[in-house]
Amino acid sequence: MLAIETRDLKKTYVSNKKSPGIKGGIKSLFSREKTYVDAVKGVDLTIEKGEMVGFLGPNGAGKTTTLKMLSGILYPTSGHASVLGFTPSVRNPEMLRQISLVMGNKMQLWWDLPAWDSFVVLKEMYEVDDAKFKRRVDNLIEALQLSDKVNTQVRKLSLGERMKCELVAALLHAPQIVFLDEPTIGLDVVSQKRIRDFLNTLHKEDNCTLLLTSHYMQDVQELCDRVVVIDHGTVIFEGTLDVLTSRFSDVRRIRLSFSENVSADEIAKYGKLIGEASDTAVVEVAQKNTASATAAMLQYLPVSDVSIEQVDIEEVIRSLFTEGR
Ligand SMILES: Nc1ncnc2c1ncn2[C@@H]1O[C@H](COP(=O)(O)OP(=O)(O)OP(=O)(O)O)[C@@H](O)[C@H]1O
Ligand SMILES: [Mg+2]
């Protein structure tokens, strides 16, 4: 069953051309000259119910624009989008009740109220019944360790605490699809990890569909079965992280432990030594030579343990972005 489908989805932002300065600002009010930004240039997505998909791309690639179109905030310029069988721009209440958009850099909670008060307003908006609300919010608050924070004015919370409250607010109506736009942006590594663990549990328990953007590869690695990479408004890759790394990187790293120290020269016979050699070493080899190099080292060096690693996903993504250009 499909959760999200788009075909040739496009968005062009149109704004009045503005010359610099105050005079320019006034002139632009009356000017007919427009500027056009083709933010999304024909995106095709097919996402099954229950999938966790990473939506990646450099700054300005069109990720937020796409998520806004999928959640019915922005009207597409052309193309087709279907979310749970609904056309998002119609903003059918039945659809809105089943989706949620969380933006790491934009708050939905009322700044001057305790988060709890916002939760209650949202409960009414989404018509969640009392018992369900209580169970759901209690669970969310416990999972995010927020019990002593929900009665404090939101403005007095730390960034991480606020983000967690945002998550509760976005999830209390138990949406089937959750769009997450950089949910961990600006958080320290411990809070990022908590949010990832929370999202993993949520996904398991609710069997919801998650479409997530992040510039942190750890998020993607821990959360996403599959990634869609866009650049300049077009999809440049779609598939699993494994396929992404194997397609865009032709090297592998072999990590070795030795029962006695081995010299750098000895290791260099088999591949490129990364860092220092002692009783452990990391050797980089061409992907096609992985098997033979590993076999040779096992035979000729005092190897006590070996593991083969793909290169860093961040490196892969970086090279993909530069190639894409
Ligand atoms: N309201 C707007 N009016 C005009 N242009 C816009 C508007 N919003 C976004 N853009 C432009 O559309 C393009 C895509 O922006 P978008 O916010 O979708 O990128 P993004 O992939 O989310 O980037 P980031 O990783 O920085 O969040 C950019 O060139 C941006 O400048
Ligand atoms: Mg964005």
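Any value given below was found using the heavy atoms of this structure, including those in side chains, with hydrogens, waters and symmetry copies removed. For ligands, and for the atoms within them, numbers begin at 1 and follow the listed sequence. Remember, it's a predicted structure, so these values are computed and weren't measured experimentally.
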Sole candidate of Arg253, Arg255, Arg252 that passes salt bridge (Lys or Arg N to Asp or Glu O under 4.0 Å) when paired with Glu309: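 Considering Arg253, Arg255, Arg252, a salt bridge (Lys or Arg N to Asp or Glu O under 4.0 Å) with Glu309 is found only for Arg255.
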
message: Working to the nearest 0.5 angstrom, can you tell me the gap between Met69 CE and Thr64 OG1?
response: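 Separation between the atoms: 11.0 Å.
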
>> Distance check, rounded to the nearest 0.5 Å: Leu256 atom CG versus Ile267 atom CD1?
In response: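 With rounding to 0.5 Å, CG (Leu256) is 7.0 Å from CD1 (Ile267).
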
Considering non-hydrogen atoms of the protein only, which is the closest contact for [atom], and what is the distance?
atom                    : answer
atom 25 (O) of ligand 1 : Lys63 NZ, 2.7 Å
atom 9 (C) of ligand 1  : Tyr13 CE1, 3.4 Å
atom 22 (O) of ligand 1 : Thr64 OG1, 2.7 Å
atom 23 (O) of ligand 1 : Gly60 N, 2.8 Å

Could a heavy atom of His215 be found less than 4.0 Å from some atom of ligand 1?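 Yes, His215 has heavy atoms under 4.0 Å from ligand 1.
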
Assess Lys11 for proximity to ligand 1: is some non-hydrogen atom of it under 4.0 Å away?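 No heavy atom of Lys11 comes that close to ligand 1.
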
### Identity of the nearest option to atom 26 (O) of ligand 1, non-hydrogen atoms only, from Asp181, Thr65, Asn59
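Considering heavy atoms of Asp181, Thr65, Asn59, the nearest to atom 26 (O) of ligand 1 sits in Asn59.
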
### Query
Quick check: does Thr64 put an N/O/S atom under 2.8 Å from the Mg ion (ligand 2)?
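Under 2.8 Å: Thr64 contacts the Mg ion (ligand 2) through an N, O or S atom.
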
**Asked** Looking at Glu182, which atoms of ligand 1 are within less than 4.0 Å of one of its heavy atoms?
**Response**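 The atoms of ligand 1 under 4.0 Å from a heavy atom of Glu182 are 25 (O), 27 (O).
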
Margin query: Suppose I only count heavy atoms of Ala39 and a 4.0 Å limit; which atoms of ligand 1 are within that range?
Written below: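 Under 4.0 Å from Ala39, ligand 1 has these atoms: 12 (O), 13 (C), 14 (C).
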
With nothing but distance in play, are any N or O atoms of [X] less than 3.5 Å from an N or O of ligand 1?
X     : result
Val37 : no
Gly57 : no
Gly62 : yes

Charged N to carboxylate O below 4.0 Å: is that the case for [X] and [Y]?
X      : Y      : value
Asp219 : Arg196 : yes
Glu94  : Arg97  : yes
Lys193 : Glu222 : yes
Asp138 : Lys134 : yes

Would you tell me whether Ser257 and Thr280 have side-chain atoms, one donor and one acceptor, within less than 3.5 Å of each other?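 Ser257 vs Thr280: no donor-acceptor pair found between side chains.
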
Query - Exam field: side chain Asp225 to backbone Met52, donor-acceptor pair closer than 3.5 Å - result: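 Between the backbone of Met52 and the side chain of Asp225 there is a qualifying donor-acceptor contact (under 3.5 Å).
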
| said: Please report whether atom 6 (C) of ligand 1 has a protein non-hydrogen atom at a separation of less than 4.0 Å. | reply: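 It does; a protein heavy atom is within 4.0 Å.
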
